[in-house]
Amino acid sequence: MRAMRLHHPREPLRLDTIPEPRPGAGEIVVRVLACGVCRTDLHIVDGELAQHRAPLVPGHEVVGRIVEIGAGVNELRLGQRVGIPWLGHACGHCPYCRTGRENLCDTPAFTGYDRDGGYAEFAVAEGDFCVPLPDGYADAAIAPLLCAGLIGFRSYRRAGEGRTLGLFGFGAAAHIICQLAIADGRTVFAFTRPGDTEGQRFARSLGCAWAGGSDETPPEPLDAAIIFAPAGPLVPAALKMVRKAGRVVCAGIHMSDIPAFAYGDLWGEREIVSVANLTRGDARDFLARAARQTIRTSVQTYRLEQANDALSDLREGRVQGAAVLLP
């Protein structure tokens with residue numbers, strides 16, 4: 001099969017021909033129908049996250065149809081369309097797994113990082129960590145829900161029940177989560193890179209009440225803010241915009257250093273929290289909601305061999321919404 005693989009960090013992916021995977025016990029093989037290109041992939045390729053294996057097939061927003069099933073997989077069937085998300089394995093017995101927090105597992109394995117992912121024609125995954133996908137979404141349209149949507153959903157729940165919500169970095173995750181928040185009756189303010197008027201128009205087209213640069217002040221204080229952009233200086237900026245008892249949620253797996261800020265910006269029982277990975281419960285809850293509420297995803301598609309172009313466009317901020325590979 002053809003696969004785009006990372007051999008060395010900070011180098012372009014190579015188009016390799018490698019054997020098709022076979023399932024072990026508890027595993028399935030899917031023919032990849034679409035794979036989203038996530039900012040975490042970019043952090044891996046650019047060497048901002050430590051290299052776990054090489055060569056590596058990135059990609060953890062995998063939409064596939066099952067073509068082979070290993071022994072012990074009973075809940076899935078041949079021909080079924082499933083998603084393979086970021087969390088590819090959890091031990092099940094560490095203190096975090098035993099208390100329903102498998103996203104913090106001590107010995108996890110992540111798709112497209114510890115295990116080969118979806119920048120390929122076929123992919124193998126543990127059946128217990130795959131999720132059946134709702135009907136009504138095209139393959140490319142549903143791919144971003146498998147990380148941008150799932151991590152965004154966990155971040156959204158961590159943000160609490162406040163009425164005004166700020167989203168910093170209006171990309172793949174924010175353009176999904178703003179639709180949930182607006183449907184829940186919340187007022188959403190979108191923050192883009194300064195001067196990104198096209199991104200601000202896009203945010204307003206999805207129902208955001210206000211959109212501006214991250215250097216601007218919203219029309220009213222925020223009850224909560226979610227930071228999707230990997231820029232540490234946004235943390236103290238967001239703290240200045242949330243009201244007392246407000247919460248700033250850092251949603252990324254990687255962020256540049258947070259600069260020093262005055263204690264007065266945190267005082268008033270404001271909080272800074274992070275979100276790490278996801279659980280299978282997150283996936284079930286979010287995809288059940290996606291089945292009830294149609295979520296509009298804006299996708300820019302690329303052929304498998306154009307993976308480097310997709311990563312470059314994401315790196316340079318040229319993607320509105322999400323980038324998706326179509327093998």
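Excluded from the calculations below are hydrogen atoms, water molecules and symmetry mates; all remaining heavy atoms, backbone and side chain alike, are included.
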Would you be so kind as to tabulate the donor-acceptor pairs closer than 3.5 Å made by side chains of residues 126-154, with sequence neighbours excluded?
unit_1	atom_1	unit_2	atom_2	d
Glu126	OE1	His89	ND1	3.4
Glu126	OE2	His89	ND1	2.7
Tyr137	OH	Ala290	O	2.7
Tyr137	OH	Gln293	O	3.2
Tyr137	OH	Ile295	N	3.0
Asp139	OD1	Arg81	NH1	2.8
Arg154	NH1	Asp282	OD1	3.4
Arg154	NH1	Asp282	OD2	2.8

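- Considering only residues two or more places apart in sequence or on other chains, Arg315 meets the salt bridge (charged side-chain N to carboxylate O under 4.0 Å, His left out) condition with Asp46.
- Sequence neighbours left out, the pairs with a member in residues 201-218 that pass salt bridge (Lys or Arg N to Asp or Glu O under 4.0 Å) are Glu198-Arg201.
- For residues 55-70, the set of pairs meeting the side-chain hydrogen bond (donor to acceptor under 3.5 Å, both in side chains) definition, not counting sequence neighbours, comprises Arg22-Glu68, Asp41-His60.
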Under 3.5 Å, sequence neighbours excluded: what are the donor-acceptor pairs made by side chains of residues 260-269?
unit_1	atom_1	unit_2	atom_2	d
Asp265	OD2	Lys240	NZ	3.1

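- The salt bridge (Lys or Arg N to Asp or Glu O under 4.0 Å) analysis of residues 241-259, with sequence neighbours excluded, yields the pairs Asp223-Arg243, Arg247-Glu271.
- In this structure the side chain of Phe202 reaches within 4.5 angstrom of the side chain of His175, judged on heavy atoms.
- The salt bridge (charged side-chain N to carboxylate O under 4.0 Å, His left out) test applied to Arg2 returns Glu121, Glu305, not counting sequence neighbours.
- With sequence neighbours excluded, no residue satisfies salt bridge (charged side-chain N to carboxylate O under 4.0 Å, His left out) with Arg98.
- Cys250 is linked by a side chain to side chain contact (heavy atoms under 4.5 Å, CB included) to Val235, Met255, Ile272, counting only residues two or more places apart in sequence or in another chain.
- In this structure, Val299 shares a hydrophobic cluster with Val324, Leu326, the cluster being traced through Ile, Leu, Val, Met, Phe, Trp and Tyr side chains under 4.5 angstrom apart.
- Screening residues 5-44 for ring pair (Phe, Tyr, Trp, His ring centres under 6.0 Å) gives His43-His254 as the qualifying pairs, with residues at least two apart or on separate chains.
- For Asp114, the salt bridge (charged side-chain N to carboxylate O under 4.0 Å, His left out) criterion is met by no residue, not counting sequence neighbours.
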